[in-house]
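Inspection log for the structure reproduced underneath, given as structure tokens.
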There are 2 protein chains.
Amino acid sequence: MPRGLRHHWCRSRFRGSGFRMTVPREVIFNILNSTDSHLSAEDIYHKVHRHYPGIGLTTVYRTLDLLSEMGLVRRFDFGDGRGRYELIMGPKGKVHHHHLLCTSCGRVIDYKEFLEDEKQLLGKTEKGLSRKYNFKITDHDITFMGLCEKCKGGD
Amino acid sequence: MPRGLRHHWCRSRFRGSGFRMTVPREVIFNILNSTDSHLSAEDIYHKVHRHYPGIGLTTVYRTLDLLSEMGLVRRFDFGDGRGRYELIMGPKGKVHHHHLLCTSCGRVIDYKEFLEDEKQLLGKTEKGLSRKYNFKITDHDITFMGLCEKCKGGD
DNA sequence: CTCAATGCAAATCTTTTGCATGCTA
DNA sequence: TAGCATGCAAAAGATTTGCATTGAG
């Protein structure tokens, strides 16, 4: 058993969900866990490939599906034709953030500020929506679109 | 010139943007303009095809791109691997709504309620984000995810 | 040992592109 | 009439699937 396969909190998540912990799964998880980027499956595959040329793109996709199913990862679409994957759980629970998307260059910025105000409003809205549409709301997604610093030009 | 090519407000939009008004464009626009669904390119193609078998899928895609570029249509991704297109302008300006997405069956509900409260908060947040990230915000997208009436089962 | 997990190649599906032809303005 | 717009076929990508093999528990 390779070093590192022992001590990750995600290990117990895998085992607890009835899945096996394997090297590919750990490597892929670690990449997601140590980046702030919004990686596509292929991005992840390239990073993996540098140190583990044996791990295939298919496994990346399958692992991402698994992590999504387990609720550790979420897939986002920013309109460039490929999915982007982000860890949404830390060892201590949900790590919440929203996105700022540049419609010109495609850059994505995460933001965690201003969430306090949102919290109240979202709570209220969620309640209203749940009642009106008889819908059980479990999550939400907020994205602001516009032009980033570089793309909006002189300022 | 087929009947109907004359009197649509979108016609002047096309002409004003330097594009020609054609039968396919009008037909595709009309479909978007008379549905509450979240149609994919293929969905639109099938609807078109019933009455105008000559219009191809490629033209549907190209027209949707054009309408997006003109700001009349927006493409949404609900995670099922294909884009969904919605008219976001009416003759009187922007028609704003948000989405409720069932993570089990994929159903999407539009909602227009509760937007008043949102407006204030979003304005405030936008201002904060613009300043902090030097970002010019032009639009936003809010989606609530969860289980719809049918999928959440007994109540 | 058993069966879940993997890798590879091929298949699938959505969206885009090249090019000859048609049609709007 | 001049070019933009279209249709078709083919290409390009992203993601999924089939199947024999590997390896975690």
Side-chain angles (χ1 to χ4, degrees), chain A residues 1-6 8 10-29 38-46 48-49 52-70 73 75-85 106, chain B residues 1-6 8 10-29 38-46 48-49 52-70 73 75-85 106:
Chain A
M1 180 185 287
R3 183 178 158 278
L5 224 46
R6 290 167 243 264
H8 276 286
C10 74
R11 166 172 253 284
S12 52
R13 289 300 201 104
F14 271 95
R15 300 295 296 113
S17 303
F19 301 118
R20 294 178 180 175
M21 181 49 112
T22 65
V23 174
R25 286 175 181 179
E26 199 209 8
V27 171
I28 291 164
F29 177 87
H38 307 83
L39 303 174
S40 67
E42 187 121 18
D43 292 336
I44 295 168
Y45 171 69
H46 285 312
V48 166
H49 204 261
Y52 300 83
I55 299 177
L57 180 56
T58 304
T59 297
V60 173
Y61 275 107
R62 283 194 278 229
T63 301
L64 290 170
D65 284 350
L66 198 64
L67 288 166
S68 302
E69 198 182 309
M70 291 164 61
V73 156
R75 181 197 151 114
F76 290 89
D77 269 294
F78 295 116
D80 63 347
R82 77 196 74 182
R84 306 276 172 173
Y85 298 82
Chain B
M1 178 184 287
R3 184 177 157 279
L5 262 192
R6 290 168 244 263
H8 275 287
C10 74
R11 165 172 254 282
S12 52
R13 289 302 202 105
F14 272 95
R15 301 295 296 114
S17 304
F19 301 117
R20 294 180 179 173
M21 180 51 111
T22 65
V23 174
R25 288 176 179 177
E26 199 208 8
V27 171
I28 291 164
F29 176 88
H38 307 81
L39 304 174
S40 67
E42 186 122 18
D43 292 336
I44 295 169
Y45 171 69
H46 285 313
V48 165
H49 203 264
Y52 299 83
I55 298 177
L57 180 58
T58 303
T59 297
V60 173
Y61 275 106
R62 283 195 279 227
T63 301
L64 290 170
D65 284 350
L66 198 63
L67 288 166
S68 302
E69 197 183 309
M70 291 164 60
V73 156
R75 181 198 151 112
F76 291 89
D77 268 294
F78 295 116
D80 64 346
R82 77 198 71 184
R84 306 275 171 175
Y85 298 83

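Residue numbers begin at 1 in each chain, while the letters A, B, ... track the order of the sequences.
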query = Quick one: F14(A) CZ to dA5(C) C1', roughly how many Å, whole number?
reply = 11 Å
inquiry  = So, using side chain to side chain contact (heavy atoms under 4.5 Å, CB included) as the criterion, who are the partners of Y61(B) when residues are at least two apart?
reply    = A41(B), L57(B), Y85(B)
message = Just checking H38(B) against F78(B), ring centres under 6.0 Å apart?
response = yes
ask   = So, is T22(B) near the phosphate of dC4(D), with a side-chain N or O under 4.0 Å from OP1 or OP2?
value = no
request  = Let me know the distance between NE2 of H46(A) and C1' of dA14(D), rounded to the nearest Å.
outcome  = 13 Å
key: Proximity to the side chain of R25(A) - top-ranked nucleotide from dT6(C), dG25(D), dA25(C)   = dT6(C)
Those residues that, when tested against D65(B), pass salt bridge (Lys or Arg N to Asp or Glu O under 4.0 Å) (two or more places apart) = none
query = Starting at CG of L66(A) and ending at C1' of dA24(D), how long is that distance when rounded to a whole Å?
reply = 15 Å
task = Kindly write out the residues that satisfy ring pair (Phe, Tyr, Trp, His ring centres under 6.0 Å) with F14(B), not counting sequence neighbours, or none if the list is empty.
result = none
ask   = Can you check the F19(A) CZ to dG25(D) P distance for me, whole Å?
value = 13 Å
S17(B): side chain to side chain contact (heavy atoms under 4.5 Å, CB included) partners, not counting sequence neighbours = F19(B), M70(B)
task = For each nucleotide in nucleotides 8-17 of chain C, reading 5' to 3', give B when a protein heavy atom comes within less than 4.0 Å of its base, S when such contact involves only the sugar-phosphate, and - otherwise.
result = BB----SBBB
ask   = the helix from dC1(C)-dG25(D) to dA25(C)-dT1(D): angle between its terminal axes, five pairs each, to 10°?
value = 40°
message = Output the rounded distance in Å from CD (E69(A)) to C1' (dA5(C)).
response = 14 Å
inquiry  = Without decimals, in angstroms, what is the distance between R11(B) CZ and dT24(C) C1'?
reply    = 9 Å
inquiry  = Checking the side chain of R11(B) only, and the main-chain atoms of M21(B) only, is there a donor and an acceptor separated by less than 3.5 Å?
reply    = no
ask   = Of all the choices, dG25(D), dA24(D), dA25(C), which nucleotide is nearest to the side chain of R20(B) once you look at every atom?
value = dA25(C)
query = Looking at residues at least two apart in the chain, or sitting in another chain, which of them share a side chain to side chain contact (heavy atoms under 4.5 Å, CB included) with H49(B)?
reply = Y45(B), P53(B)
remark   = With sequence neighbours left out, the residues meeting side chain to side chain donor-acceptor pair (under 3.5 Å) with S40(B) are D43(B)
query = Under the salt bridge (Lys or Arg N to Asp or Glu O under 4.0 Å) test, which residues partner R15(A), sequence neighbours left out?
reply = none
query = Quick one: M21(A) CE to dT6(C) C1', roughly how many Å, whole number?
reply = 16 Å
